[in-house]
Protein chains: 2
Amino acid sequence: MPRVGLKLNQIIQTAADIADRQGAEAVTMAAIARELSVRPPSLFNHVKGFAQVKRELTLYGVKKLHESMQVASNGMIGDEAIFALANSYLQFTREHPGLYEFTIALPQPRDEEIDQEGNKVINLLIEALRSYQLSEENALHAVRGFRSILHGFSSLEQKGGFGMPLKKDDSLNLVIKSFLIGLKQMN
Amino acid sequence: MPRVGLKLNQIIQTAADIADRQGAEAVTMAAIARELSVRPPSLFNHVKGFAQVKRELTLYGVKKLHESMQVASNGMIGDEAIFALANSYLQFTREHPGLYEFTIALPQPRDEEIDQEGNKVINLLIEALRSYQLSEENALHAVRGFRSILHGFSSLEQKGGFGMPLKKDDSLNLVIKSFLIGLKQMN
DNA sequence: TTATTTTAACTAATGGTATTAGTTTTTGCA
DNA sequence: TGCAAAAACTAATACCATTAGTTAAAATAA
């Protein structure tokens with residue numbers, strides 16, 4: 001029994017790979033162990049249990065999503081920033097469908113570190129909406145709306161909810177464009 | 001071992017109750033059997049397997065959602081109909097959080113009967129948007145957008161994604177209102 | 001270098017899950 | 001009344017996460 005040298009990082013990476021390739025529900029301790037050529041109990045030397053694996057997966061996903069959006073919108077403002085954020089969000093959900101599921105499955109009770117990382121994403125949206133000169137309250141409402149659009153669209157797309165053979169990116173563009181036009185007339 | 005007299009209907013009803021009271025992931029054959037005071041294998045006399053239970057749950061949920069929206073928007077047109085649809089959608093997800101999760105977990109591969117029922121919901125939206133005089137293509141984009149807003153908002157609300165202490169209904173109203181304003185300037 | 005301690009793998013076992021096979025009992029009908 | 005079908009059951013299998021206890025390898029101390 002040679003040492004494999006597992007690290008928490010490898011375990012989460014492996015779990016994320018399984019999620020993206022076989023779906024979020026395929027992520028099990030047994031599957032991770034198989035992938036790493038190790039017996040399931042060995043994982044418990046590095047992780048408290050399956051609950052922690054999911055928690056780390058969520059944290060990893062949110063961090064990665066934030067990073068993508070950060071990079072994509074860097075230096076932009078206004079509509080340009082908003083569309084850049086939307087596109088990078090959608091790209092992330094398409095490249096990492098399984099990981100994304102964990103990203104939106106927030107643990108109960110709330111997790112300080114995950115919340116903090118999630119707030120960074122929200123702050124990107126708040127920044128991008130700044131040029132709209134909304135009241136503080138309306139800005140928060142608008143962020144919720146924008147998040148709803150992004151998550152709702154991604155989720156429906158992944159679940160196969162869009163049956164019609166119609167360019168999906170056009171749909172997202174239209175809803176965001178409409179939303180922004182409406183926002184401009186809000187004050 | 002007296003006859004219990006299980007019916008497919010009772011099984012699905014029980015499953016839906018468990019979903020709404022304890023969460024969608026609490027729905028198991030074992031839990032359903034416990035609730036019905038029956039041994040798990042007995043369920044297999046009425047149901048092919050857990051996969052079918054989930055499938056029936058999805059169908060039941062979509063039907064129920066459609067019925068609620070149908071009733072709520074009956075006789076209305078334009079914005080009034082749209083807000084009525086949105087409110088009844090949200091009410092459904094709040095009253096049936098567990099069942100709603102199954103409602104959006106469409107089975108792979110596609111299920112003819114579920115698709116058909118889902119199309120009825122979509123048709124309600126298309127009808128409501130008719131007064132906007134959108135091109136056929138834009139109408140479909142708009143429906144996707146509207147569905148994204150509804151599902152995204154509901155999903156984030158359920159997952160506890162809205163941290164700020166801000167009236168959630170106001171948020172939904174604002175995003176829909178903005179979206180509609182934008183739509184009106186689309187042609 | 002050798003000895004000791006710690007780390008990380010292991011095996012074995014427990015209790016949960018869905019599911020199948022085979023059995024028994026009840027019910028409904030001829 | 002008797003028989004066939006339906007619907008419950010028990011028993012067993014194969015997964016799953018997890019815990020306890022064991023062993024071997026690696027890191028550290030002497």
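What you see is a predicted model, and the numbers here were worked out from it, not measured in a lab. Residue numbers start from 1 in every chain, and the chains themselves are labelled A, B, ... in the order their sequence lines are given, proteins ahead of strands.
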Quick one: do K64(A) and D20(A) make a salt bridge, cutoff under 4.0 Å?
no
Among residues 47-57 of chain B, which contact DNA chain C at a heavy-atom distance under 4.0 Å?
G49(B), F50(B)
Compare side-chain N and O positions of H46(A) against OP1 and OP2 of dT7(C) and report whether any pair is under 4.0 Å apart.
no
Near DNA chain C, which residues from residues 15-30 of chain A have a heavy atom under 4.0 Å away?
none
Record whether the side chain of N45(B) comes under 3.5 Å of the base of dA6(D) through a donor-acceptor pair of N or O atoms.
no
Between dC9(D), dC10(C), dT20(C), which nucleotide has the shortest distance from any of its atoms to the side chain of F44(B)?
dT20(C)
Give the other cluster members for L59(A), using side-chain heavy-atom distances under 4.5 Å between Ile, Leu, Val, Met, Phe, Trp and Tyr residues; answer none if it is isolated.
L106(A), I114(A)
With the side chain of P41(B) defined as its heavy atoms from C-beta on, choose the nearest nucleotide among dT20(C), dT19(D), dA8(C).
dT20(C)
For S42(B) and dC9(D), is the shortest distance between a side-chain N/O and OP1 or OP2 below 4.0 Å?
yes
Using distance alone, with no hydrogens and no angle criterion, decide if Q13(B) and Y60(B) have a side-chain donor and acceptor under 3.5 Å apart.
yes
N/O (side chain, R39(B)) to phosphate O (OP1/OP2, dA8(D)) under 4.0 Å
no
Are D170(B) and R144(A) close enough, and set up right, to give a salt bridge (Lys or Arg N to Asp or Glu O under 4.0 Å), and what steps lead you there?
CA-CA 10 Å; D170(B) 290 351; R144(A) 285 181 178 176; over 6 Å; no
